[in-house]
Chemist: 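Take this structure first; my questions come after.
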Amino acid sequence: EKRATGREANAWLRARVDALRADADAADDAVLAFRTRNRVVDAPAADATAQQLARMTTNLADMRALRIQLEARNQQAQAFLASDGRGDSRFEDDGRLSALRDSEAQLRRNLAALRERYGERHPTIAEQRSRLDVTRARLRAESLDFARAAQLEYEQALVRERSIEASIRWLERETLAAGRARVELNDLRREAEDARAQFATLDQRLREVEEQSAFTQTEAQLVSSAVFTVEQVAPKSPQIMGGAVILSIAFSILAALALD
C-alpha cells in the first residue's frame, strides 16, 4: 500500500513538473511574441531615439526662428506683388537691387538737374528720361523676382517646420509607446522567470524523489533475494556416542597387549 501511494505521489509530481515546463515555455514564447509584435528595442536603441528627439527639437527651434524671419520678408513681398511691382521694393537687401536703386536715384538727380538747366524740351531730357524708365523697369522686374523668391523660401521653411513638428510628434508617440511596451515586457519577463524558477525547483525535487525511490526499490530487491535456512546446530549425540564406544574398545585392546 505504501508503494502504491508513493507511485501515485510520483506520478502527480511528474505531471505537475510537465505542466510547469509547459507554462515556462509558454511564458518565454509570450515574451518573444510581445517583443516582436511591439518592436521593443534595447536600451542603446532607446537612447539613440531620445538623442534623435533632442536634435530634432533643436532643429525645430532654429527652423521656427528662420520661418519667422522669412515670414516678415514675405509679407513685404506680398504687398509688393499686390501692387503689381509699383509698390515699395525696399524689402529685399540684395546687391543687385541696391545697385539698381542707386542708379535710379542718380538718374533722377541728373534728370532734375537737366530740367533745371535746359528745360523740359531739351533732347537730353528725353534721353535721360528713357534711361530712367529702363532702370525703373529693371528694378521692378528684379524686385518681382526677389518677391517671388521670398514667398517660395517662406513656404519651403513653413513646410520644413511642419515636417519637423510631425516627426517630433511621431517620435514622442513612439517613445511613449516604447516606454509602456518595455514596462509590460519587463512584467512578462518576470512572469517567465518565476515560471522557469518554479519549474526548475519542482523538477529538481522530482529527480531527488525518483533517485530515492530507485534506491529504496533496489535495497528491497536485495533483501528479498537472500535465502535463510533454519537447522539444528546442537551436537549430534548418536554419532558422538558411537565414536566414544569404538575409542574405548581400542584403548582396552592396547592395554591388554601392553600387560602381556
Side-chain angles (χ1 to χ4, degrees), residues 20-83 85 87-99 141-201 203:
L20 287 178
R21 180 188 291 109
D23 291 343
D25 293 340
D28 291 337
D29 293 340
V31 170
L32 180 60
F34 181 86
R35 183 169 184 173
T36 302
R37 183 174 63 255
N38 293 274
R39 302 190 303 276
V40 180
V41 297
D42 295 329
D47 293 339
T49 302
Q51 293 174 2
Q52 182 182 4
L53 181 60
R55 287 194 301 269
M56 294 190 69
T57 302
T58 302
N59 293 339
L60 176 61
D62 296 338
M63 181 55 63
R64 185 166 292 163
L66 177 61
R67 189 264 304 164
I68 292 173
Q69 177 183 353
L70 293 176
E71 185 177 12
R73 191 175 69 176
N74 180 61
Q75 289 175 353
Q76 295 175 340
Q78 291 302 314
F80 182 76
L81 290 174
S83 68
D88 187 1
S89 63
R90 291 175 295 177
F91 63 89
E92 179 64 47
D93 186 15
D94 182 84
R96 286 177 295 175
L97 291 180
S98 298
E142 292 287 344
S143 298
L144 286 170
D145 289 342
F146 279 101
R148 296 187 184 97
Q151 180 182 4
L152 181 61
E153 288 178 354
Y154 163 71
E155 292 174 351
Q156 291 175 344
L158 184 61
V159 169
R160 289 196 296 269
E161 180 185 7
R162 290 175 177 174
S163 176
I164 295 174
E165 288 175 345
S167 298
I168 289 177
R169 287 193 297 269
W170 181 83
L171 278 176
E172 288 175 343
R173 288 194 300 269
E174 287 293 310
T175 302
L176 181 60
R180 292 174 178 172
R182 281 194 295 271
V183 171
E184 189 171 351
L185 178 62
N186 290 334
D187 293 338
L188 290 175
R189 281 174 173 170
R190 282 192 294 269
E191 292 177 1
E193 291 172 356
D194 292 341
R196 187 64 62 181
Q198 292 178 12
F199 161 71
T201 300
D203 183 61

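What you see is a predicted model, and the numbers here were worked out from it, not measured in a lab.
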Chemist: Output the distance between atom CE (Met56) and atom CE (Met63), rounded to the nearest 0.5 Å.
Modeler: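 Here the rounded value is 11.0 Å.
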
Chemist: Got a salt bridge between Glu165 and Arg64, using NZ or NE/NH1/NH2 to carboxylate O under 4.0 Å?
Modeler: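 Salt bridge between Glu165 and Arg64, a charged N being under 4.0 Å from a carboxylate O: yes.
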
Chemist: Show your reasoning for whether side chain to side chain contact (heavy atoms under 4.5 Å, CB included) applies to Leu176 and Glu172.
Modeler: CA-CA 6 Å; Leu176 181 60; Glu172 288 175 343; over 6 Å; no

Chemist: Nearest 0.5 Å, please: how far is CD in Glu191 from CG in Asp194?
Modeler: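 These two atoms lie 8.0 Å from each other.
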
Chemist: For Leu66 and Arg160, which heavy atoms make the closest approach, and how far apart are they?
Modeler: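 Looks like CD2-NH2, 4.4 Å.
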
Chemist: Taking C-beta and beyond as the side chain, do Tyr154 and Arg67 meet within less than 4.5 Å on heavy atoms?
Modeler: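 Contact flag for Tyr154/Arg67 side chains = yes.
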
Chemist: If you round to the nearest 0.5 Å, how far is CG of Leu53 from OG1 of Thr58?
Modeler: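 Reported to 0.5 Å precision, the distance equals 9.5 Å.
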
Chemist: What closest approach, in Å, do Arg21 and Asp203 show between heavy atoms, and which atom pair accounts for it?
Modeler: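 Reported closest heavy-atom pair: NH2-OD1, 4.2 Å.
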
Chemist: Within this structure, what is the CD-CG distance for the pair Glu193 and Asp28, rounded to the nearest 0.5 Å?
Modeler: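 Taking CD in Glu193 and CG in Asp28, the distance rounds to 9.5 Å.
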
Chemist: With rounding to the nearest 0.5 angstrom, report the CG to CZ distance, Leu171 to Arg55.
Modeler: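 Between atom CG of Leu171 and atom CZ of Arg55 there are 10.0 Å.
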
Chemist: Which atom names give the shortest non-hydrogen contact between Ala192 and Val31, and what distance separates them?
Modeler: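 Smallest heavy-atom distance, with atoms named: CB-CG2, 4.1 Å.
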
Chemist: Going by salt bridge (charged side-chain N to carboxylate O under 4.0 Å, His left out), name the residues that satisfy it together with Arg190, two or more places apart in sequence or in a different chain.
Modeler: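 Salt bridge (charged side-chain N to carboxylate O under 4.0 Å, His left out) list for Arg190, sorted by chain: Asp187.
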
Chemist: If I take atom CG from residue Leu158 and atom CG from residue Asn74, how far apart are they, to the nearest 0.5 angstrom?
Modeler: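 The CG atom of Asn74 is 10.0 Å from CG of Leu158, to the nearest 0.5 Å.
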
Chemist: Do the side chain of Asn186 and the main chain of Arg182 share a donor and acceptor less than 3.5 angstrom apart?
Modeler: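 Yes: the side chain of Asn186 pairs with the backbone of Arg182.
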
Chemist: Counting distance only, does the side-chain N/O of Ser163 pair as donor-acceptor with the main-chain N or O of Val159 below 3.5 Å?
Modeler: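 Judged by distance alone, no pair lies under 3.5 Å.
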
Chemist: Indicate yes or no: does Arg196 engage Asp25 in a salt bridge with an N to O separation below 4.0 Å.
Modeler: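 Judged by the 4.0 Å cut-off on N to carboxylate O distance, Arg196 and Asp25 do form a salt bridge.
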
